[in-house]
Amino acid sequence: MKKTHDCGILKAANIGETVCLSGWIQGRRDHGGIIFVDLRDRTGIVQVVFDCERNKEIFHLAEALRSEYVLSVSGEVKPRDPETVNPKIPTGEVEVFVREFTILNPSKTPPIYVEDDIDVDENLRLRYRYLDLRRPEMQKKLFMRHKIIKKIRDYLDDQGFWEVETPVLTRSTPEGARDYLVPSRIRAGSFYALPQSPQLFKQLLMVAGTEKYFQIARCFRDEDLRADRQPEFTQLDMELSFVETDDILSLIESLVQYIYHEALGIELTIPFPRMPYREAMERYGSDKPDLRFSLEIKEVSDLVSDCQFKVFTGALKKGGVVRGINAKGAAFSRKDVDDLTEFCIQLGAKGLAWFMVGTEGLKSPLLKFFTEERLEQLSSQMEAEAGDVLFFVADAQEKAEDILGHLRNHLAGKMNLVKEEENRFLWVVDFPLLSYDPEEKRYVANHHPFTSPRDEDINLLNTEPLKARAKAYDLVLNGLEVGGGSIRIHRRELQEKMFELLGFTTEEAYEQFGFLLQAFEYGTPPHGGIALGLDRLIMLMLGASSIREVIPFPKTASGSCLLTDAPAPVAENQLDELFIRLQLPEDEEEI
RNA sequence: GGAGCUGUGGUGUAGCGGUUAACAUGCCGGCCUGUCAAGCCGGAGAUCGCGGGUUCAAUCCCCGUCAGCUCCGCCA
């Protein structure tokens, strides 16, 4: 028997047809003389009927059917009596009277329910992922992921991009995240690294004249996991020649607008707003601000510089700042405020100053440190009204920004301010090119060593390198970074200057990046690119709360796969072939 | 590396220093010809994550450990 129709598509128009359906048994209702079975495939569910009176033999065979058996049935599509129509399912007007059927495979009783809205330990879902993925909501996520990526390919193909594959076994380069290493059998003692991104190859493709490149690229970073971070993940990686920042931003805006329209039917307004990094940090305390709520951070250093509160004045004397957030109308209890203080302390704050705004003025243990006039100015600066609670952090600028940024997000959750249905895209631009690493006592590239400074900031590299801004940009959606890229350096002198600032000698630079620097000597077009984190983007597009929901076979927080039990020990002869001897911490099992 | 939360029949929960460990659902059997969360009757199913400690007595309290989740560090 060959499947002639999908289960989920049968409707009144099919009445009278003889069909063959194949799928899984969603459920069975045995009434003694008649058995109803819901047959499910990836398109949906249809009711098939085994009737004692019509076919006694088939009916008795059907008594053995159970959930999740794989079943093939053939029979006639019949209309249901009006009073037995099921309006809850699309196929509810019809049912199939079974003439014959085959059990293609029986099933043990599944450990999780194959249905939507299950409340089950994620452990079990991951261990039995193949059952979890049978659930309609997961099938939909798989399908939507396919569809979004298909639309990306369609769009970029239409724009003249070539999809090019780059190696997965490549070489380890310094900077960036920890590499996953793969030992070489043929060259003893040497290792490949799995790519953190195809960065260097896509730049080489620009030298190679590809001009417009993209790839749906798997990337690997051996770092700890988060709800929005897995050690292996998928990027839409792109690189273009003869472009500047605006070309890339508007291309991505159109692409994102296209896939939202095509895949979700949602119309996005472009261009997306653009915000300099500095402004994002000052107003939101984050380089990936969530714009679905306001709660902006306010500067109050000037207003508190002459107060008696030593925590404030002390921070200012050390060159720090005092900044605050107004939790509008929050009307927090003392307990809430204590919890929030604890939250900030966990993040490294020394404390959290607060003022409750009542109808009769401010309430706070800190009132005595301030003059009436200053309190009034403070209230006005913070736009305080009765019911508000004002919070202040005094610390070094970067730290204060960071803590307030986290507090802002936390408050939004606690106060239920996040407009979940909104899609607030934002470009954050003008990132600082470099930061200073006090441990290594050198500058480090914020993006990567090939990121170009802004033309007008090139001279700053000689005088105040930390003030130089990069031609780098991040795409932010609802408080998550969903993409980032830059215009690259394509001129040799500037690249050498960068390496010099990063503390590489010419020899070291050639040792690590010689192949790229050499390529750059053979006619390199100006170029730039971007990579979008597809798992995150798809997660947000589908309203999922974790990246794991849109990855078919994800890893757990400790990097293991509960389905295959990877990572796992290997046989000794495998290690021998690779010239590897294990040196495990004490008390570890012998492998 | 650090902090927090969670762990009880297959599944989801309740419980409590001494219980026959409760409920729902699922599963098995029986009855039942129009259900679609079918219904009714009966039954099986748990060494309460693991190890140690306190105690006359531990699923419950303490310590450790493992696993999962969230966050910090890390990661663009």
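Labels below follow one simple rule: chain letters A, B, ... track the order of the sequence lines, proteins then strands, and each chain is numbered from 1.
Contact annotation for A:Arg536: no contact, since no heavy-atom pair falls under 4.0 Å across all strands. Residue-level contact check: A:Ser558 touches the backbone only, with heavy atoms under 4.0 Å from sugar-phosphate atoms and none from bases. Heavy atoms of A:Asp222 sit nowhere under 4.0 angstrom from any nucleic acid atom. Using a 4.0 Å heavy-atom cutoff across all strands shown, A:Asp81 reaches no nucleic acid atom at all. Note on A:Tyr180: nothing from the nucleic acid sits closer than 4.0 angstrom, heavy atoms only. Nucleic acid contact for A:His448: none, since no nucleic acid atom lies under 4.0 Å from a heavy atom of the residue. Contact annotation for A:Arg29: base contact, defined as any heavy-atom pair under 4.0 Å involving a base atom. Contact annotation for A:Arg80: base contact, defined as any heavy-atom pair under 4.0 Å involving a base atom. Residue A:Gly27 is classed as having no contact, given no heavy-atom separation below 4.0 Å to the nucleic acid.
A salt bridge links A:Asp430 with A:Arg454: at least one charged nitrogen is closer than 4.0 Å to a carboxylate oxygen. With respect to A:Glu239 and A:Arg488, a salt bridge is recorded, a charged nitrogen being found less than 4.0 Å from a carboxylate O. A salt bridge links A:Arg134 and A:Glu68; the closest N-O separation between the charged side-chain nitrogens and carboxylate oxygens is under 4.0 Å. Taking the charged nitrogens against the carboxylate oxygens, A:Lys467 and A:Asp457 have no contact shorter than 4.0 Å, which rules out a salt bridge. Between A:Asp290 and A:Arg292, at least one side-chain N (NZ, or NE/NH1/NH2) sits under 4.0 Å from a carboxylate O, which counts as a salt bridge. Electrostatic pairing of A:Arg127 and A:Glu122 does not count as a salt bridge here, judged by no charged N lying under 4.0 Å from a carboxylate O.
In this structure, the NZ atom of A:Lys78 is 16 Å from the C1' atom of B:U33, given to the nearest Å. We find that CG of A:Asp565 is positioned 10 Å from P of B:G68, with the value rounded to whole Å. In this structure, A:Leu236 atom CG and B:A76 atom P are separated by 19 Å, rounded to whole Å. In this structure, A:Asp287 atom CG and B:A76 atom C1' are separated by 8 Å, rounded to whole Å. Going from atom CD of A:Glu83 over to atom P of B:U33 covers 18 Å, rounded to whole Å. In this structure, NE2 of A:His410 is placed 16 Å from P of B:G4, rounded to the nearest angstrom. The nearest whole Å value for the distance from the CG atom in A:Leu562 to the P atom in B:C66 is 16 Å. At whole-Å resolution of the value, CD1 in A:Ile45 and P in B:A37 are 10 Å apart.
For the residue pair A:Gln215 and A:Thr166, a side-chain donor N or O sits within less than 3.5 Å of a side-chain acceptor on the partner.
Within residues 115-122 of chain A, the residues having any heavy atom closer than 4.0 Å to RNA chain B are, in order of number, A:Asp119, A:Val120, A:Asp121, A:Glu122.
Aromatic ring orientation, A:Trp427 versus A:Phe272: tilted (interplanar angle from 30° to 60°). Ring geometry, A:Phe36 versus A:His31: the interplanar angle exceeds 60°, so the pair is classed perpendicular (tilted spans 30 to 60°).
The partner of B:C36 is absent, by the rule that a Watson-Crick or G-U pair needs both atom distances under 3.5 Å. Nucleotide B:U11: paired with B:A24 (Watson-Crick or G-U wobble, both distances less than 3.5 Å). Nucleotide B:G64 has B:C50 as its partner under the Watson-Crick or G-U criteria, with both atom distances under 3.5 Å. Across all strands shown, the partner of B:C56 is B:G18, judged by Watson-Crick or G-U wobble contacts whose two distances both fall under 3.5 Å. B:U70: Watson-Crick or G-U partner is B:A3, with both key distances under 3.5 Å. Here B:G29 sits opposite B:C41 as a Watson-Crick or G-U wobble pair (both hydrogen-bonding atom distances under 3.5 Å).
Comparing B:G52 with B:U59, their P atoms are spaced 12 Å from each other, to the whole Å. Nucleotides B:C36 and B:A46 are separated by 32 Å at their P atoms, to the nearest Å. For the P atoms, the distance linking B:A3 with B:C63 amounts to 13 Å, nearest Å. Across the C1' atoms, B:G64 and B:A22 are found 31 Å apart, a figure rounded to whole Å. Comparing the C1' positions of B:U33 and B:G42 gives an interatomic distance of 23 Å, to the nearest angstrom. Rounded to whole Å, the separation between the C1' atoms of B:C60 and B:U55 comes to 13 Å. Nucleotides B:G49 and B:A14 are separated by 14 Å at their P atoms, to the nearest Å. Nucleotides B:G18 and B:U11 place their P atoms 26 Å apart, quoted to the nearest Å.
One N or O donor and one acceptor, one from the side chain of A:Tyr113 and one from the base of B:G10, sit under 3.5 Å apart. Interface remark: the A:Arg229 side chain does form a donor-acceptor pair with the B:C74 base, using a distance-only criterion of under 3.5 Å. Interface remark: the A:Glu95 side chain does form a donor-acceptor pair with the B:G34 base, using a distance-only criterion of under 3.5 Å. Side-chain N/O atoms of A:Arg226 and base N/O atoms of B:G73 include a donor-acceptor pair closer than 3.5 Å. Side-chain atoms of A:Asp224 come within donor-acceptor range of the base of B:G73, with a qualifying N/O pair under 3.5 Å.
A stacked arrangement is assigned to A:His31 and the six-membered base ring of B:A38, with a centre-to-centre distance below 5.5 Å and an interplanar angle below 30°.
Between A:Lys555 and A:Arg221, the one whose closest nucleotide on RNA chain B sits nearer the 5' end is A:Lys555. Each of A:Leu124 and A:Ala177 has a nearest nucleotide on RNA chain B; the 5'-most of these lies closest to A:Leu124.
Phosphate contact (OP1/OP2 of B:U70, side-chain N/O of A:Arg548, threshold under 4.0 Å): present. When the side-chain nitrogen and oxygen atoms of A:Lys88 are compared with OP1 and OP2 of B:A37, one or more of them lie within a distance under 4.0 Å. Distances shorter than 4.0 Å separate none of the side-chain N or O atoms of A:Thr109 from OP1 or OP2 on B:G26. Contact annotation: A:Thr84 does not reach the phosphate of B:C36 (side-chain N/O to OP1 or OP2, under 4.0 Å). Distances shown here put a side-chain N or O of A:Ser560 below 4.0 Å from the OP1 or OP2 atom of B:G68.
For A:Gln47, the side-chain atoms get nearest to B:C36 when compared with the rest of B:C75, B:C36, B:U11. With distances taken from any side-chain atom of A:Gln196 to the nucleotides B:A76, B:C69, B:C74, the minimum falls on B:A76. Among the nucleotides B:C69, B:U33, B:C74, the one closest to any side-chain atom of A:Ala557 is B:C69. Proximity note for A:His406 (side chain, C-beta onward) versus B:C36, B:G26, B:C72: the nearest is B:C72.
Using a 4.5 Å heavy-atom threshold, the side chains of A:Leu240 and A:Leu251 count as touching. Two residues are said to be in side-chain contact when any heavy atoms from C-beta on lie closer than 4.5 Å; A:Phe431 and A:Lys471 fail this criterion.
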Item checked: A:Phe233 and A:Phe220: CA distance, side-chain angles, deciding distance, ring pair (Phe, Tyr, Trp, His ring centres under 6.0 Å) verdict -> CA-CA 7 Å; A:Phe233 59 101; A:Phe220 306 86; 8.1 Å; no
